[in-house]
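What follows is a single structure, written as structure tokens, with notes after it.
Per chain, numbering begins at 1; letters A, B, ... match sequence-line order. All heavy atoms count here, side chains included; hydrogens, waters and symmetry mates do not. No experiment lies behind these values; they were computed from the predicted model shown.
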Amino acid sequence: MSYNILIVDDSCAMRTVIKRTVGMAELPIGEIYEAGSGKEGLEVLREQWVDLVLADINMPEMTGIEMTERMQADEEMRNVPVIVVSTEASTTRIEQLKGQGVRGYVHKPFTPEQIRDEIIRVLAPAVELESRE
Amino acid sequence: MRGTFPPQADLFAEGKEVVFEHEQEHLWEIQKGATRQKVESEQKYYLEIIMLETSENILQESLAEALETMAFMMAMPPEDELPVPEQGTMVWMDFNGRVSGRVELLAGVEFIEMAAANIMGADPDDELVQSKGVDAFKEILNTSCGVLLPRLADSPKDVFDVTVPESEDFSDPQQWTDYTNQDGVTVLDVDGFPLALRMTITS
């Protein structure tokens, strides 16, 4: 099975970096979708099958936090795991994010290995379940 | 030179050494690079002066870390005279928390395109680099602040609110010269390109 990933970040440069890093992660990646805001991210999630979201927090129009809250309120979207990729470093905020259902966190600046390891960790239960089936 | 609080205005001259004041010793000192500020209390004066002294170094280190990790570029104090950019961009963002202020970066288009190319893994002539160079520069600023703010915090729990990075282009080398001549602005050599930076603490 291959995994469809949605990258949500208002920076085109950062989306390019993450996309390239994900591509180097040696994971079975299907489609990679991109969105420039939380609002665009939700639109993609409504229209496409997404297995994992990599999202920034600080974005115009709709923040990553607001997007995650909307995802949690939606019956189908709430099951899509979210990894926050952000400059946020406050343990208070990170704990709040985890309380809102965020499954993983990568701090910018990151190395390809850091983002790869976090993706593997978050997707591991899904991969394990698949291998049992 | 010793004095009592509050220090006289003329003693804020850069480089002038005086003895620092605090409760026990009733002495006071101005660190190099401190700017004149209206002070309300002895403790606030002490805090502001210390913040100005250390924050400049922290900003440089944070920027260097962001550049090295994201763009594989090294930021160093300049040893030789650097070319004055003829055109480029300033980016800035504000932060608000235990400490509040603004971080600014100014660079020429040559640096911006090279950094963007490195970040995106493309050639400097690539259309994507040409169109998204400022976007990449904003991300360098954003990431630098991500490294900087925890170092300004008292505790890992401290929360900072930050604005989305903004930008403004310049097309006259005099604008570069005018900016870099301002108080608090540092110029670094990043792989041969000049990069100006400043952090202003507002509260």
Honestly, the part of B:Ser131 sitting under 4.5 Å from a heavy atom of chain A is neither
Heavy-atom pair with the smallest gap, counting every atom of B:Asn142 and A:Lys108: ND2-NZ, 4.0 Å
Please determine whether the number of non-hydrogen atoms from other residues, nucleotides or ligands lying under 6.0 Å from atom CD of B:Gln182 exceeds 12. yes
Pairs of heavy atoms under 4.5 Å with chain A: top-ranked of B:Leu149, B:Val147, B:Val129, B:Asp158: B:Asp158
Separation of B:Lys132 NZ from A:Thr16 OG1 (nearest 0.5 Å): 9.0 Å
For the CZ atom on A:Arg70, are there more than 12 heavy atoms of other groups (residues, nucleotides or ligands in this structure) within a distance under 6.0 Å? no
I'd like to know which of A:Val17, A:Thr87, A:Asn58 tops the heavy-atom pair count under 4.5 Å against chain B. A:Thr87
Which portion of B:Lys157 sits near chain A, non-hydrogen atoms under 4.5 angstrom: both
Would one find more than 12 heavy atoms of other residues, nucleotides or ligands at under 6.0 Å from atom CD of B:Glu86? no
Please check if atom CD in B:Gln130 has more than 12 non-hydrogen atoms from other residues, nucleotides or ligands closer than 6.0 Å. yes
Between A:Asp10 and B:Lys138, is there a side-chain N and carboxylate O pair less than 4.0 Å apart? no
In Å, rounded to the nearest 0.5 Å, how long is the span from OG of A:Ser11 to CD1 of B:Ile140? 10.0 Å
Heavy atoms of B:Asp135 and A:Cys12 approach each other most closely as OD2-N, 3.1 Å
Inter- and intrachain pairs under side-chain hydrogen bond (donor to acceptor under 3.5 Å, both in side chains), touching residues 115-129 of chain B, at least two apart: none
Would one find more than 12 heavy atoms of other residues, nucleotides or ligands at under 6.0 Å from atom CE of A:Met24? yes
Given heavy-atom pairs under 4.5 angstrom as the criterion, report whether the side chain, backbone, both or neither of B:Ala116 touches chain A. neither
Backbone N/O of B:Pro156 and side chain of A:Thr91: donor-acceptor pair under 3.5 Å: yes
Between B:Pro150 and A:Ala89, what is the shortest heavy-atom contact and its length? CG-CB, 3.4 Å
Flag, side chain of A:Arg20 to backbone of B:Met120, donor-acceptor distance under 3.5 Å: yes
Within the structure provided, determine whether B:Met70 and A:Met14 are in side-chain contact (heavy-atom separation under 4.5 Å). yes
